[in-house]
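So the structure is just underneath, and the comments pick up after that.
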Amino acid sequence: MNFELTEERQMLQDMLRRYLRENYGAEARNKIIESQAGFSAEIWAGLAELGVLGALFTEDQGGFGGAGFDIAIVFEELGRAGVVEPVAETCVLGGQILAAAGRADLVEQVIAGGLHLALAHGEPSSRYDLAQVATTAAAKGDGATLNGRKAVVSNAEAAGHLIVSAREADGLSLFLVPRDAGGVSLQGYPQIGGGRAAEITLDDVDVPKDARLGAPGGALALLEPAVAAGTVAICAETLGAMETALRLTTDYLGTRKQFGRPIGTFQALQHRLADMLIELEQARSIVILAAGHLEAEPALRDRHVSAAKHLIGRVGRMIAEESIQMHGGIAMTQEYELAHIAKRIVMADHRLGDTDHHLERFIALGA
Amino acid sequence: MDLSYTPEEEAFRADVRDFLSEKLPKALSDKVRDGRALTKDEHEEWHAILNARGWLAGNWPEEHGGTGWNAVQRHIFEEECALAHAPRIVPFGLTMLGPVLQKFGNDAQKAYWLPRILNGDDWWCQGYSEPGAGSDLASVKTRAVRDGDHYIVNGQKTWTTLGQHANMIFCLVRTDPDAKAQEGISFLLVDMESPGVEVRPIVLLDGSAEVNEVWFTDVRVPAENLVGEENKGWTYAKYLLTHERTNIAGVGFSTAALAAVKRIARAEMAGGRPLIENALFAARLARVEIDLMAMATTNLRVISQAAKGQAPGVESSMLKVKGTIIRQEINDLARRAAGPYALPFASEAVDGGNDPIGPAYARPVAAQYFNNRKLSIYGGSNEVQRQIIAKTALGALK
Ligand SMILES: Cc1cc2nc3c(=O)[nH]c(=O)nc-3n(C[C@H](O)[C@H](O)[C@H](O)COP(=O)(O)OP(=O)(O)OC[C@H]3O[C@@H](n4cnc5c(N)ncnc54)[C@H](O)[C@@H]3O)c2cc1C
């Protein structure tokens, strides 16, 4: 048993933490959130240059990491700094699908920071169910015509390519669709907690034969591992954000004075801080557990991934709410760092399945 | 023991219902139901409608133009208003300042200010909290120094709700810096249009603009705006806080919010079935509904005592804690129920001219969830309330 990071991963973590500390302070971040694009091209280029994007891919895929623990380390640091750049969308969800489908040329562009991706899978009534897709792909020549609607597609506006799921004769398939293809229309908007998403309408979108990713009817075979990795990424990101929430809360309890003494001297608050610290260690362990099972066989992998997403949702809510409460009014202000961090933590429960969804899945995969 | 309302009370409820269905403008109730912020004009419109019916000041005695209702009637009125999605009555003049003036103001103050509150001539805001004085309210530092027939005020208030609409602010100010904290405070009415008053907005985490900082630089306030005696302000401030805590349980708000969650959960599909049939979600919903049923009854027990003239004591602290926990839990369920469509950040600016994003019910839920974290922070935080409850039970232990 060894819970130490390898030397390479330790270096990656240190370097990323330093980079974000220097370039992603609260002020810089607030500017980014309010910007038109919703993320910073400069930061994106920085992450590519540091090799952070490449660390999310295996050597076979053209990167130099790509294991569950690489994903966990990168995202924990991104979460700690409250980063809103669409790393999970482009490199994990989109990137893993393209890599598994053998699109090495596009993966290379992603790793270099030159291409954004968006997974256009969820639909207005699919909620968190991966198999609920109504969008259709009708055969046309040796290509296909896509019709349907996709909901809350994160990073759609910036994406060069959308990865669209659609039903065809052979079942559910994935298609690579240029974002500016004819018949694709986007309605973009900001999301609570940062980043942008869009509603997408596909109206007779013609795609050529080589747009299909993987085999006909093979969507889930590509989606499931990528979504598992994406879920680990979100869990690790949320863990990092919780660490920041606790750091801010601990600092505040030590400095804020009421009744002539630091509020951290009140035992009512001390015990709650202690409970939060206990739960944070639970969160850390479940992320390690899920990351360590990302390469396991699917049922074992998914049981651990769902365990993590369930626990992170539960503990995340507690830590976000308690951190706000123990700060008092100051935490309610948009300007104060905790506001952004708390929103990131809570809204993570709406990405790739919430606490209850994953509890049900954990039960279904059990025994 | 009899759990039913009297026939008179039921008749009163019917009157309130009729009035609301006839007079509450749909444009206002739609906005309240959808969780959108009301404009100043809309608040004033609703106040005027209530005032025309004589129902604006539910907690004032008749001699001052109030309804003279007892606690049960007030409760019925508040409950029906919440269920009908009526706008909240803006509390600063009506529930906070009014009772203080009635008890401690002089005749001239009562005659001048009270009718202006009813007629909507003044919009009041509450200048209690300061950056350094939150839970420890008695540590307020804003100074008022007597200068002939004026006070000169310097300092800063914060968290001033809807101060951007207000023309008047009632303030706790320090008039004797050498006395013990509670004994050097006075209660002063300040015209916000005076030179030296500056209001700066604070944006809250949900993007809303409902609170402000208010700065005072050498503001001259007529001495006649002092309420009661100099240095006795703490007594008045505490009296006001007991009124701030009426309807603290928020049963009507919670009942309306719970109904809204059920509407969302019937419309949302999870795994091919309505979310409301999902065992995990249904259990969450049932648990909070049971809590609400019990608390509504606690609330009625307290109200029925109050109607007999017994002032609620520690019970109002209990209702504050439990009532806010229940409301926040319901807000959490609404957010959960909306699924991925809770993520879009909806604002008038973003939606202007565009098709709305996702189902209408999903739009306000995340913002409301975050905004209502305030419920357990203001009005005496839940920690402070728990302290009061424990102290009442334990006495002063040494
Ligand atoms: C949205 C909003 C609107 C508001 N509107 C108004 C308004 O219109 N006018 C106005 O005057 N004020 C207003 N307030 C201020 C509100 O009353 C204060 O936020 C509240 O009194 C708490 O003070 P604080 O925020 O400084 O927190 P602090 O007092 O600094 O408390 C920080 C934390 O310490 C805890 N704590 C403090 N003392 C103790 C103790 N002895 N034991 C255990 N725990 C303790 C608190 O419960 C809290 O969790 C508003 C606040 C908000 C958030």
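Note on naming: letters A, B, ... go to the chains in the order of the sequence lines (proteins, then strands), and numbering restarts at 1 for each one. Here the structure is a predicted model, which is why all the values come from computation and not from measurement.
One finds a salt bridge joining B/Arg336 and A/Asp349 here, because a Lys/Arg side-chain nitrogen approaches an Asp/Glu carboxylate oxygen to under 4.0 Å.
A donor-acceptor pair shorter than 3.5 Å can be found between the side chains of B/Glu383 and A/Gln325.
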Practice prompt. Please report the C-alpha distance between B/Tyr369 and A/Glu321 in whole Å, then the side-chain angles of each, then the deciding distance to 0.1 Å, and finally whether the side-chain contact (heavy atoms from CB on, under 4.5 Å) criterion is met.
Written response: CA-CA 10 Å; B/Tyr369 163 85; A/Glu321 292 182 355; 2.6 Å; yes
Discussion item. Salt bridge (charged side-chain N to carboxylate O under 4.0 Å, His left out) for A/Asp356 and B/Arg284? Distances and angles first, verdict last.
Written reply: CA-CA 10 Å; A/Asp356 285 357; B/Arg284 286 184 188 274; 2.7 Å; yes
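Taking B/Arg88 as the reference, nothing meets the salt bridge (Lys or Arg N to Asp or Glu O under 4.0 Å) condition, with sequence neighbours excluded.
For chain B, the option among A/Glu199, A/Met326, A/Arg317, A/His357 with the highest count of heavy-atom pairs below 4.5 Å is A/Arg317. Ranking A/Ile192, A/Leu359, A/Thr355 against chain B, the residue ahead of the rest is A/Ile192, based on heavy-atom pairs under 4.5 Å. For chain A, the option among B/Arg335, B/Gln328, B/Gln387, B/Arg386 with the highest count of heavy-atom pairs below 4.5 Å is B/Arg335. Ranking A/Pro124, A/Ala268, A/Ala320 against chain B, the residue ahead of the rest is A/Pro124, based on heavy-atom pairs under 4.5 Å. The choice from B/Ala270, B/Ala366, B/Ser139, B/Gly132 that makes the most heavy-atom pairs within less than 4.5 Å of chain A is B/Gly132. For the set A/Gly195, A/Gly328, A/Ser154, A/Gly353, the count of heavy-atom pairs under 4.5 angstrom toward chain B peaks at A/Gly328. Contact count versus chain A (heavy atoms, under 4.5 Å) is highest, among B/Gly271, B/Ala367, B/Gly134, for B/Gly134.
Proximity to chain B (any heavy atom under 4.5 Å) is shown, for A/Arg196, by neither the backbone nor the side chain. Contacts of B/Ala181 with chain A are absent, with no heavy-atom separation under 4.5 Å from either backbone or side chain. Contact of B/Asn371 with chain A is made through the backbone alone, with heavy-atom distances under 4.5 Å. When heavy atoms are compared at a cutoff of 4.5 Å, A/Ala197 does not approach chain B at all. Only the side chain of B/Ile202 comes within less than 4.5 Å of a heavy atom of chain A; its backbone N, CA, C and O stay farther away. Of the atoms belonging to A/Ile263, not a single heavy atom falls under 4.5 Å from chain B. Neither the backbone nor the side chain of B/Pro359 comes within less than 4.5 Å of any heavy atom in chain A. Proximity to chain A (any heavy atom under 4.5 Å) is restricted, for B/Ala337, to the backbone atoms N, CA, C and O. Using a 4.5 Å cut-off between heavy atoms, B/Ala338 touches chain A through its backbone atoms (N, CA, C, O) alone.
By a heavy-atom distance cut of under 4.5 Å, A/Ile330, A/Ala331, A/Met332, A/Thr333, A/Gln334, A/Ala339 are the residues of residues 330-340 of chain A near chain B, going up by number.
The closest side-chain heavy-atom distance from A/Ile324 to B/Leu205 is below 4.5 Å. Using a 4.5 Å heavy-atom cutoff, the side chains of B/Ile377 and A/His327 are not in contact. Within the 4.5 Å cutoff, the side chain of A/Met347 has heavy atoms near those of the B/Phe370 side chain. The closest side-chain heavy-atom distance from B/Phe345 to A/Lys343 is not below 4.5 Å. Inter-residue side-chain proximity for A/Arg351 and B/Leu343 is flagged as met; some heavy-atom pair is nearer than 4.5 Å.
Separating the CD atom in A/Glu360 from the CG atom in B/Leu280 is a distance of 4.5 Å, to the nearest 0.5 Å. If you take CE on B/Met269 and CZ on A/Arg127, they are separated by 11.0 Å, rounding to the nearest 0.5 Å.
Between A/Phe259 and B/Ser135, the closest heavy-atom pair is CZ-O, 3.5 Å.
Looking at A/His350, its side chain never comes within 3.5 Å of a backbone N or O of B/Pro340 through a donor-acceptor pair. Of the possible donor and acceptor atoms, one in the side chain of A/Gln258 sits under 3.5 Å from a partner among the backbone N and O of B/Asp136.
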